[in-house]
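The structure appears below as structure tokens.
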2 protein chains.
Amino acid sequence: MNKKVKNIIDGIFPISEKSFQEIESLLKFETFEKGETFIQRNKRNEKEYFILSGVCKSYLISPDGEEITISLFTENNILSPQSIRTSKNTSNLNFQALTNIELVSMNAKEFESLMIENIEIRHFGNTVLQNELISKVEKEIGLASLTAKERLIEFRKKYRLLENLIPHTDIASYLGITNISLSRLRKDLMS
Amino acid sequence: MNKKVKNIIDGIFPISEKSFQEIESLLKFETFEKGETFIQRNKRNEKEYFILSGVCKSYLISPDGEEITISLFTENNILSPQSIRTSKNTSNLNFQALTNIELVSMNAKEFESLMIENIEIRHFGNTVLQNELISKVEKEIGLASLTAKERLIEFRKKYRLLENLIPHTDIASYLGITNISLSRLRKDLMS
DNA sequence: GTTCTCCATTAACATTTGATAAAAAGCAAT
DNA sequence: ATTGCTTTTTATCAAATGTTAATGGAGAAC
């Protein structure tokens, strides 16, 4: 299992065997079932997460009670470490499993201690856990300026297999349209 | 001038006199004129910024050559420290002054050194320079799920004075609509 | 198998937004 | 004041999206 984590990490930011062993000691394996909300907005959260398998979403509840899907997270990705912890160590967002998922978690405080002691891990932390996330978030903002059809096309490029794996309602919410509109676009793009 | 910076910092995250003096030694005062693009995408950038006065925007150029306004930044705010630096120390976004602006900049590398030595500054750095930004970005993503009219209403709440201060074209781009549509909404909201 | 429920699709109509073009208003330079 | 430039508004029409309601299909529970 940790070998897989090592591969994920190396894919984003190569790290020495020695530094990885220090991180490895903090890792904890977790699983959640489809539909389970495993991080709740305004609740304490002191962990960082890697996704080993499955799909999950982050979401908010709008003023009129609707779920708004903010981001989608798939296998081999880091789950918004900073965005899930505000200055009060609480989460900004809810996170829900859209399929059964396997995660690896890591205590954030302990990781910070490692960052102080080890310059390579510090660099890793700054690079991976912050910048990768932010560029993801910014790309998603950039999407907002496209038309719904263009956004669906981009979604398909980015998340090839997801369209048949998770509820269309979530995809529609992620794209910022109704599921009826999504259905129309899907039909339109078939021809 | 640095007194103002101290006040801005204290407003977000109170910091001791001693720690502030360490930061203070890194501060540099800068001004840019209306219309000036002072940070360019894919160009090296090793600074963090505070805005002392004025308004600026971050933007991208879309595939068809259009400017897309991603974020607006006003007086007394921190200018996306992490988002302006990727892992390669280059900027993800362009930043342009919408009015004449006064900034205080700080070398990021030097600031990181301070963070290593001083636990209070480290805490400040983690809290302010990362989380505040990310919650801003997330709020802006949340906006995407509203209708254009609702987004304009939210914009007015958040940036009370801005509507008469910066080009409507930028506001429209920020809201994800055309300036013609913005004009219609403005008329609509008057009655 | 039957029923139930949830989800996706389709249809019809209303509303919103975009595109284009033209007019009006603001603003700077002279 | 006048000219020229840019921004904002207005109008008209086309396209995209939302709303509501009805239909069809897949899977779960019985």
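Quick note on labels: first sequence line is chain A, next is B, and so on, each numbered from 1.
In this structure, CG of Leu146(B) is placed 15 Å from C1' of dG18(D), rounded to the nearest angstrom. One atom, CG of Leu189(B), and another, P of dT17(C), lie 11 Å apart when rounded to the nearest Å. The interatomic distance linking Leu185(A) (CG) with dA8(C) (P) rounds to 14 Å, in whole Å. One interatomic measurement links the two molecules: CG of Leu182(A) to P of dA16(D), which rounds to 16 Å at whole-angstrom precision. In this structure, the CG atom of Leu152(B) is 10 Å from the P atom of dT17(C), given to the nearest Å. Across the protein-nucleic acid pair, Lys34(A) atom NZ and dC6(C) atom P stand 14 Å apart, rounded to whole Å.
Under 4.0 Å is where a charged nitrogen must lie from a carboxylate oxygen, and between Glu120(A) and Lys18(A) no such pair does. Comment: Asp188(B) does not engage Arg184(B) in a salt bridge, judged by the lack of any side-chain N to carboxylate O separation of less than 4.0 angstrom.
Using a 4.5 Å heavy-atom cutoff, the side chains of Phe32(B) and Thr37(B) are not in contact.
A side chain to side chain contact (heavy atoms under 4.5 Å, CB included) with Glu67(A) holds for exactly one of Leu60(A), Ile61(A), Asn94(A); it is Ile61(A).
Aromatic ring orientation, Phe38(A) versus Tyr49(A): perpendicular (interplanar angle above 60°, classes split at 30° and 60°). The aromatic rings of Phe73(B) and Phe95(B) are tilted relative to each other, their planes meeting at an angle between 30° and 60°.
The side chain of Thr147(A) has dT17(D) as its nearest neighbour among dT17(C), dT17(D), dA11(D). Considering only the side chain of Arg184(A), dA12(C) comes nearest among dA12(C), dT10(D), dG18(C).
Checking the phosphate oxygens (OP1, OP2) of dT9(C), a side-chain nitrogen or oxygen of Arg186(A) falls inside 4.0 Å. Between Lys149(A) and dG18(C), a side-chain N or O to OP1/OP2 separation shorter than 4.0 Å is absent. Between dG18(C) and Ser181(B), a contact under 4.0 Å exists linking OP1 or OP2 to a side-chain N or O.
Geometrically, Lys158(B) does not engage Phe155(B) in a cation-pi contact defined by less than 6.0 Å to the ring centre and at most 45° from the axis.
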Begin with the C-alpha distance, continue with both residues' side-chain angles, and end with the deciding distance and a verdict on salt bridge (Lys or Arg N to Asp or Glu O under 4.0 Å) for Arg122(B) and Glu117(B). CA-CA 8 Å; Arg122(B) 180 161 66 247; Glu117(B) 291 164 14; over 6 Å; no
Under the side-chain hydrogen bond (donor to acceptor under 3.5 Å, both in side chains) rule, what do Glu46(A) and Asn107(A) come out as? Steps first, then yes or no, please. CA-CA 6 Å; Glu46(A) 289 163 341; Asn107(A) 182 288; 4.8 Å; no
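Near DNA chain D, meaning a heavy atom under 4.0 Å from it, residues 172-180 of chain A has Gly176(A), Ile177(A), Thr178(A), Ile180(A) in order of number. A heavy atom closer than 4.0 Å to some atom of DNA chain D occurs in no member of residues 159-171 of chain A.
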